[in-house]
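Scroll down for the structure; my scribbles are underneath it.
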Amino acid sequence: DRIDKAIHPMMLFFQARSMLNDGIKAFRELGDILERKGLTDTTCYHRARSRQAWLMSRQGNYGKVYQLAEGAANYFMSSGDKDEACYALNNMSYARMMLGEYQESQELARQALDYAVDPHSGNISPWFFTMGNLGYAVYLCGDLQEAKRIYEETNNLAIELHYSPIGLAY
């Protein structure tokens with residue numbers, strides 16, 4: 001439990017300090033240890049693999065990112081963990097986006113939005129993360145008006161909630 005609770009803050013630490021290789025290695029090793037111990041049907045295992053994928057997505061191994069994120073998404077969707085399902089689906093969406101599969105990226109981002117809780121009533125990060133991702137996928141599909149609408153909605157809510165997500169830099 002203590003390791004599981006530390007996974008997301010650890011990922012943010014590695015990401016914020018541009019220590020991608022260190023983070024990828026740490027989460028890969030944690031996942032591998034859990035795998036050897038037969039603990040692949042656990043939140044900790046799938047959260048570690050999801051964060052491994054998140055950091056790997058910054059390095060271009062999109063096939064592996066998608067594979068890791070898909071396993072995590074399936075686990076979290078079936079377990080009912082909406083925030084984690086949302087993060088994993090966004091990883092999948094981003095991987096498809098970077099491979100030029102913009103329509104599938106958009107569909108995965110919309111699916112992630114189904115798991116993002118109302119930002120007025122829960123963890124707001126997954127919703128903002130998803131809206132940034134969705135806006136970019138829509139933009140890459142060529143629907144500039146819809147992308148603008150998504151970003152305006154997201155920016156207005158960020159102002160209302162005093163939230164400053166870096167993903168809105170798009």
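Treat the numbers as computed from the prediction; the structure is a model and nothing was measured.
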Q.
Are Q111 and Q106 packed together at the side-chain level, in the sense that at least one heavy-atom pair is separated by less than 4.5 angstrom?
A. no
Q. Heavy atoms, side chains only, cut-off 4.5 Å: are M97 and N133 in contact?
A. yes
Q. Any side-chain heavy atom of K64 within less than 4.5 Å of one from N61?
A. yes
Q: Say whether, by atom type as modelled, one donor and one acceptor occur between the side chain of T130 and the main chain of P126 under 3.5 angstrom.
A: yes
Q. Just wondering, do D83 and Y115 contact through their side chains at under 4.5 Å, heavy atoms?
A. no
Q) Are F128 and I150 connected, step by step, through hydrophobic side chains (Ile, Leu, Val, Met, Phe, Trp, Tyr) whose heavy atoms are closer than 4.5 Å? A) yes
(Q) For I3, is the CD1 atom crowded, meaning more than 12 foreign heavy atoms sit under 6.0 Å from it? (A) no
Q: Give the C-alpha distance, both sets of side-chain angles, the deciding distance and a yes or no for side-chain hydrogen bond (donor to acceptor under 3.5 Å, both in side chains) between Y87 and S125.
A: CA-CA 9 Å; Y87 287 138; S125 292; 4.6 Å; no
Q: Return yes if some donor-acceptor pair links the side-chain N/O of Y163 with the main-chain N/O of I124 below 3.5 Å, else return no.
A: no
Q: Verify, without hydrogens or angle tests, whether N90 (side chain) and C86 (backbone) share a donor-acceptor contact under 3.5 angstrom.
A: yes
(Q) Looking at F76, is its backbone amide N or carbonyl O close enough to the side chain of S79 to form a donor-acceptor pair, meaning the two atoms are under 3.5 Å apart? (A) yes
Q: Output all residues satisfying salt bridge (Lys or Arg N to Asp or Glu O under 4.0 Å) with R51, sequence neighbours left out; order by chain, then residue number.
A: E84
Q: Determine yes or no for a side-chain-to-main-chain donor-acceptor pair under 3.5 angstrom, with N91 supplying the side chain and V65 the backbone.
A: no
Q. Do any N or O atoms from the side chain of S105 and from the backbone of Y94 form a donor-acceptor pair under 3.5 angstrom?
A. no
Q. For the side chain of H46 and the backbone of D41, is there at least one donor-acceptor N/O pair under 3.5 Å apart?
A. no
(Q) Just checking Q145: does its CD atom have more than 12 heavy atoms from other residues, nucleotides or ligands closer to it than 6.0 angstrom? (A) no
Q. Short question: side chain of Y151, backbone of Y136 - any donor-acceptor pair under 3.5 Å?
A. yes
Q: Run through I24, L20, N21 and flag the one making a side chain to side chain contact (heavy atoms under 4.5 Å, CB included) with M56.
A: I24
Q.
Counting C-beta onward and ignoring hydrogens, is there a side-chain heavy-atom pair between N156 and E153 closer than 4.5 Å?
A. no
Q | Any side-chain heavy-atom pair of H120 and E160 under 4.5 Å | A | yes
Q | D143/R149 ion pair, N-O < 4.0 Å | A | no
Q | Pairwise side-chain contact, L113 with W127, heavy-atom cut-off 4.5 Å (strictly under) | A | yes
(Q) Let's go through E35 and R49 carefully: what are the C-alpha distance in whole Å and the side-chain angles of both, what is the deciding distance for salt bridge (Lys or Arg N to Asp or Glu O under 4.0 Å) to 0.1 Å, and is it a yes or a no? (A) CA-CA 11 Å; E35 203 170 291; R49 293 301 192 199; 3.2 Å; yes
Q: Please tell me if the side chains of I7 and L30 come closer than 4.5 Å, counting only heavy atoms from C-beta onward.
A: yes
Q. Can you check whether M92's main-chain N or O pairs, donor with acceptor, with R96's side chain at less than 3.5 Å?
A. no
